Structures are given as structure tokens and as C-alpha cells.
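Values below: all heavy atoms of this structure, side chains included; hydrogens, waters and symmetry mates excluded. Remember, it's a predicted structure, so these values are computed and weren't measured experimentally. Labels below follow one simple rule: chain letters A, B, ... track the order of the sequence lines, proteins then strands, and each chain is numbered from 1.
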Amino acid sequence: MSGDSDVRSLRISKLERLRELGHDPYTFEEHPQTHTPEEVRANYSSLEGQTVSMAGRVTALRVMGKAAFFDITKDAQRMQVYVKRDDVGELLWEVFGLVDLGDIVGVTGEVFKTRTEEISIHARDLKVLAKSLHVLPIGKEKDGQHWYGLSDVEERYRKRYLDLMSNLESREILLARSRVVSATRRFLDERGFIEVETPILELEAGGAAARPFITYHNALDLELKLRISLELHLKRLIVGGLDKVYEIGRVFRNEGISTRHNPEFTLLELYQAWVKMEDIEQLVEELCRYVAREVYGSEVFQVRGVTLDFSKPWQRVDLLTEIEKHAGVKPSELQDLQSAKSAMDRLGLYSEDETAVGGIIEKLLERFVEPTLIQPTFVENYPIETSPLAKKHPSHPSLTRRFEGYVLGREVCNAFSELNDPIDQLERMQRQHKMLQEGDHEAMPLDEDFIYALECGMPPTGGLGIGMDRLAMTFSGAESIRDVILFPTMRPLEQD
RNA sequence: GAGCCGGUAGCUCAGGGGUAGAGCAACGGCCUUUUAAGCCGUGGGUCGUGGGUUCGAUCCCCACCCGGCUCACCA
């Protein structure tokens, strides 16, 4: 007997025996939990000899004839339980005999210390609250060392429940993600931002450069797209007079999957009327301080061996200056496509498909500058070609009032003084639309109603976008975006 | 999409042209303070899938599937 299906039928017969004994696990609807394991340990002196109740999954089982020790675990806290036949009687002893590693049980008994001084519960009552019909990948652990468990990456993502019960680190990373998101929401709410929800199903997916997912509405007989950004709807709300709005929502991009990309991910976008780029930079600094305090209890913390300091203002650098510094390409070389391409060639980079200087600048940034931006840094002044929704730089018509924030060599935010000139916006969107029609799947469609909204007058506004998954990676030390997404997109196993 | 690496028992892994091993888990026995409990015993595998080479393939070759990493893509 060792195949999992054999185990399953064996455990079902144990389940039937439990029912014969009048102990059907699935009839129990609750179990008292007077204390957590931590509370019992913290208050041992007053609890010694007192009766307590708790419940959890059986994560270790040591049977010695007519007595046994077992561990129950709940909320990553473990408690040892002692059962003795003479104390619980024949019936409960038989019930206990039907308990397997992985079952969910509830116990009631007195707090005591074993010979080796471990605080434990001396069980007087025991309930099986759910049986596990499968052998679970519960590892062994002592003094921080681990044996076995579940390490197969694919299985951890496909069966996250097994990952969560057997890998404490996965649990901690995902809890950190949750704290990052809720802290962000709290921070913005406290500052008077209004949280809104805008459509996921759109006629045209705009606001970013990405290929959308396409779906279909039967009743309207209409092809719809899943949103790729939140931007164009939120700006309409600014026009409407909601001066501080934000949305934290899922967006969908029909693109490749990597350690930094999942087809659906969580985006925060916020817009604040009457402020400019520099104010948004300050907001990002304050937001990160707030999140750091909530997650780590400090504005300075260590992640992956690096000490990140959010207490100080972020470093501000100029995009083209940094490219010159790290790639050796002068700003003058990045004024026309021809010399930009030859600079790429000089660096041994492929440049055949490049059609605009903006794209080359972004590539150089990614390749040479990003890896150097470990401590929090704002890179400012992005090219207009790749920033179709940002306000022009007043003295450099090829640049915009845009910045991106970098931490640990990864982009964490993208922000700008929003373009509110409807004529300029229309021209830029028409240019994008033309590229789209010429086959660039990632170019932006023309959104006429958005232009109309701008024509009605949008106040000067600062905007910000943060990939919450990447922010969670930064604050949890996760190496892959899949570690901060509970159920990442995977190819299905069976293909029939 | 390309390159490299991986897929062997429920889990973690080793092995390698003659149809497979370990530890944990499982099953049976002993054990009334153990804690990676211990001791004795038992069972369990389409070696990712499909072809090919071979007397013989889990191993070699090819294709495919799934995953990981790197690159490309992703403003």
C-alpha cells in the first residue's frame, strides 16, 4: 500500500470506521479555540494545569504503544499534544488511532511541560474535524532545519494550498504582499484619495502599450477587450472634478510570461489634480516609507542581503545623463535615429528593427542603467515618443515631464505630469492609432471620448502607476512575480 | 520565439543499455514523556509522452508535452 489511490481508499475506510464510532468528522461545525500556541507559551505560568482548547492540522505523529505525542499546526504556529489511552478511554483512543498525518483535529486538555520542558497539551478530548485523504507533503523540521516538504516549483504554483501548508516562506511572502496592498490603500485613504472602480471590459484597451485580450459579449453582439491600464477612465474622473482618485485593479496584457511578467497583474494608478511631477515624487517617497513601516516596522530594512533605506529622499537622476555615464552614449548621439542606431551597433546591440530614438533610449536604460539603480532612485525626463500621455518638457520638446522609480534594479513606478492639452493629445493618439493600423499590436487606439473629456478641460494633474506585484516583490524579497501571485497563470497540464 | 537545464515511488532525491534504489511518508508488529521518536518487518514505479536505434531502452537518438533559468519580447 503506497500508491496515493490506495492511501485514499484506506483513509476512506478509516473515515467509515469513525462514522461507526459515532464520530463523523464532517458533522462537526466548530471547535473551541481558547488560546493560540503562542498565547499558551507566553502565559505558561498562569495556564499550567488549566484546560485549553485548540485546533489545527496534524503535522507530526509519534505513537508509542498506548500513548502518543503529535503536533498540530495552525497559522504557522505549532503545539505538541500528548494523548494517553488511560486518560481518554477506549473509544477516543480508537478514534485517535484513526488519525493520520495531515488530518485537521481539535483537542482539549491541560497545559503541562514534558520531561524535556516542552510546553504541551495533555489531551482529555479529541475531535477529528476533517480527514486528509491524501499523503500531504508535510516536511520535518527542527531548529530551523527542514527535511522533505514540497520544493517542486511547478507543483507549488499549481497546488498553492500544498505550498502554503508546507513552505513557511511562501506563506510569509504572500502575507507580505497582502500587507503591501492594504498599507497602500490605507495610506491613500488617509490622504483623502477616493478609491473607484472602472470598467475591465472596454471597447478599446488604451492607456499603455500592450496587446489586449479579446472577449465577446453575446447580448450586445460585441467584441470587447480586457483593459491594459486604468489611465483613461481615471483621468475622465479628474475632468469630472474628483481631484484625488485611485484604483487598485487587475489589468491584462496578452504578452509573454517571465519572472517579472504575469498576463494578469495588479496595477495601482492614482491621479491628483493641481499637482506636478515633483509632488508625485514626494508622494511615492512617503508611500514607500509608510509601506516599509507597515511591513518591516522600519523605513530601513534588509532584503536579499541589501539594506534599503526609504527614510531619505530618493536619488534623482537624468535619463540621458545616466545613459552617457553607464553606456557611454552621448545625448547628442540620441537626437536622430541614424546616430542612435550606430551607437547601438557600437555596443553590439541589435538595432535593425528600431524605428524611433525613444525605443533605443529605453533599451539602453534597461540594459545599462537599471541594474545600477539599487537604492531608491527616480529617473527623470523620458522621451516623448514612448510617453504619449505625458506633458511635454517646457524646454526640451523631445522630452516629457515623466519619471520612473527604481529599487533593486527593477522598475517600481511610472509617473508624470499629465498631458492636458487636447490638441496635442489628439495628435499623439492619431500617431499611435496609425502605428496600430500599420500592424503595431501594442500601439494605442484613438479614444475619441477621452479626447472630448480633455477638451472639456482637465486641470493640471499629476499621475502615478505602480505595479503592485513588483512592489510586493521589492518589499518581500521575492525573486519571481509568481511568488507574490497566489495563482499565477500556467499552461494546463492535460491537452486532449 | 531561441538556448541551456530538469521531469525516476505520495514527497525529497540518487542511479544508469540487461525492465530500478535511499530517506521520509504508507502498511503490519513492539513500545504509556516522544520531538527529524526508536526498533523489526512489508508493500509501492507505464523512470513525462510518442516514435527510432538495439537481441534488449528508464538510460542512446528524434519529436512532442510540462516546468525552471537566461535571452528576445514586454515604452
Side-chain angles (χ1 to χ4, degrees), chain A residues 1-8 10-11 59-71 78 80-88 93 100-102 112-118 120 122 132-143 145-158 162 166 208-211 228-229 253-263 265 319 349-350 353 356 358-363 365-367 382-390 400 402 404 411 414 416 432 440-444 465 467 479-480 482 488 490-496:
Chain A
M1 288 287 250
S2 105
D4 196 46
S5 63
D6 295 333
V7 169
R8 186 169 181 275
L10 188 80
R11 294 202 175 177
T59 49
L61 199 49
R62 298 177 287 277
V63 183
M64 301 159 299
K66 295 175 182 60
F69 284 94
F70 62 94
D71 295 347
R78 191 188 66 89
Q80 175 171 268
V81 184
Y82 179 57
V83 215
K84 198 158 69 163
R85 190 191 64 177
D86 293 351
D87 291 337
V88 295
W93 185 247
D100 289 299
L101 214 47
F112 79 111
K113 254 186 199 169
T114 64
R115 262 205 309 240
T116 54
E117 298 282 290
E118 176 163 352
S120 308
H122 191 141
S132 171
L133 302 183
H134 299 284
V135 178
L136 302 181
I138 294 170
K140 296 207 171 188
E141 189 226 314
K142 198 193 181 182
D143 302 329
Q145 268 196 287
H146 295 267
W147 293 265
Y148 320 109
L150 182 70
S151 64
D152 182 80
V153 186
E154 182 174 353
E155 195 73 351
R156 290 206 297 113
Y157 296 149
R158 288 193 195 275
L162 297 181
S166 52
R211 212 168 161 167
I228 58 171
S229 97
R253 297 188 181 176
N254 208 338
E255 291 164 353
I257 295 177
S258 80
T259 30
R260 285 170 295 280
H261 300 87
N262 196 61
F265 63 99
L319 175 54
L349 296 175
Y350 181 75
D353 297 342
I360 292 176
I361 292 175
E362 302 265 353
K363 205 150 283 176
L365 163 72
E366 196 173 315
R367 185 78 173 228
Y382 278 67
I384 193 162
E385 288 156 328
T386 51
S387 316
L389 299 162
T400 57
R402 170 179 169 201
E404 287 188 348
E411 178 195 339
N414 175 24
F416 32 89
Q432 288 280 323
D440 181 351
H441 294 289
E442 284 157 10
M444 243 183 253
E479 301 273 4
S480 168
R482 289 170 160 182
M490 303 281 279
R491 211 187 278 273
L493 275 182
E494 310 292 331
Q495 82 294 332
D496 287 311

A/Tyr382 versus A/Phe416: any side-chain heavy-atom pair under 4.5 Å? no

Can you find a side chain N or O atom of A/Arg115 that sits less than 4.0 Å from OP1 or OP2 on B/rU33? no

Minimum-distance nucleotide to A/Ser480 side chain [options: B/rC69, B/rA37, B/rC11]: B/rC69

Under-4.0 Å side-chain N/O to phosphate OP1/OP2 contact, A/Lys140 with B/rG23: no

Below 4.0 Å: OP1/OP2 of B/rC65 and any side-chain N or O of A/Arg491: no

How would you label the contact of A/Thr259 with the nucleic acid (heavy atoms, under 4.0 Å): base, sugar-phosphate, or nothing? sugar-phosphate

Over 12 non-hydrogen atoms of neighbours within 6.0 angstrom of CZ in A/Arg367: no

Walking RNA chain B from its 5' end, the first of A/Glu155 and A/His122 to be reached, judged by nearest nucleotide, is A/Glu155

Aro-ring/base stack A/Trp147-B/rA36, d under 5.5 Å, angle under 30°: yes

If you look at every strand shown and take non-hydrogen atoms under 4.0 Å, does A/Asp152 touch a base, only sugar-phosphate, or nothing? sugar-phosphate

Looking at A/Arg253 and A/Glu442, is any side-chain nitrogen of the basic one under 4.0 Å from a carboxylate oxygen of the acidic one? no

Presence of A/Ser151 side-chain N/O under 4.0 Å of B/rC13 phosphate oxygens OP1/OP2: yes

Examine the base of B/rU33 for any acceptor or donor lying under 3.5 Å from a partner atom in the side chain of A/Glu118, and report the outcome as yes or no. no

A/Phe112 near the nucleic acid: base, sugar-phosphate alone, or nothing, with a heavy-atom cut-off under 4.0 Å? base

OP1 or OP2 of B/rC30 under 4.0 Å from side-chain N/O of A/Lys66: no

Does A/Arg367 make a side-chain N or O approach to OP1 or OP2 of B/rA72 shorter than 4.0 Å? yes

Could you please name the partner base of B/rG38, counting Watson-Crick and G-U wobble pairs only when both distances are under 3.5 Å? B/rC30

Base, sugar-phosphate alone, or nothing: which one does A/Glu366 contact when heavy atoms must sit under 4.0 Å apart? base

Using a cut-off of 4.0 Å on non-hydrogen atoms, how would the nucleic acid contact of A/Pro388 be classed: base, sugar-phosphate, or nothing? base

Phosphate OP1/OP2 of B/rC69: any A/Ser258 side-chain N/O under 4.0 Å: no

Could you tell me which residues satisfy ring-ring contact (aromatic ring centres under 6.0 Å, His included) with A/Phe265, sequence neighbours excluded, listed by chain and number? none

Partners meeting side chain to side chain donor-acceptor pair (under 3.5 Å) with A/Asn414 (sequence neighbours left out): A/Arg402

In whole angstrom, what separates A/Glu154's CD from B/rU12's P? 11 Å

Could you please name the option among B/rU34, B/rC73, B/rG67 that lies closest to any side-chain atom of A/Arg158? B/rG67

In whole angstrom, give me the gap between the P atoms of B/rG41 and B/rU53. 46 Å

Rounded to whole Å, CG of A/Leu136 lies from P of B/rC11 at a distance of 11 Å

Please pick, from B/rU32, B/rU33, B/rG10, the nucleotide with the shortest atom-to-atom distance to any side-chain atom of A/Phe69. B/rU33

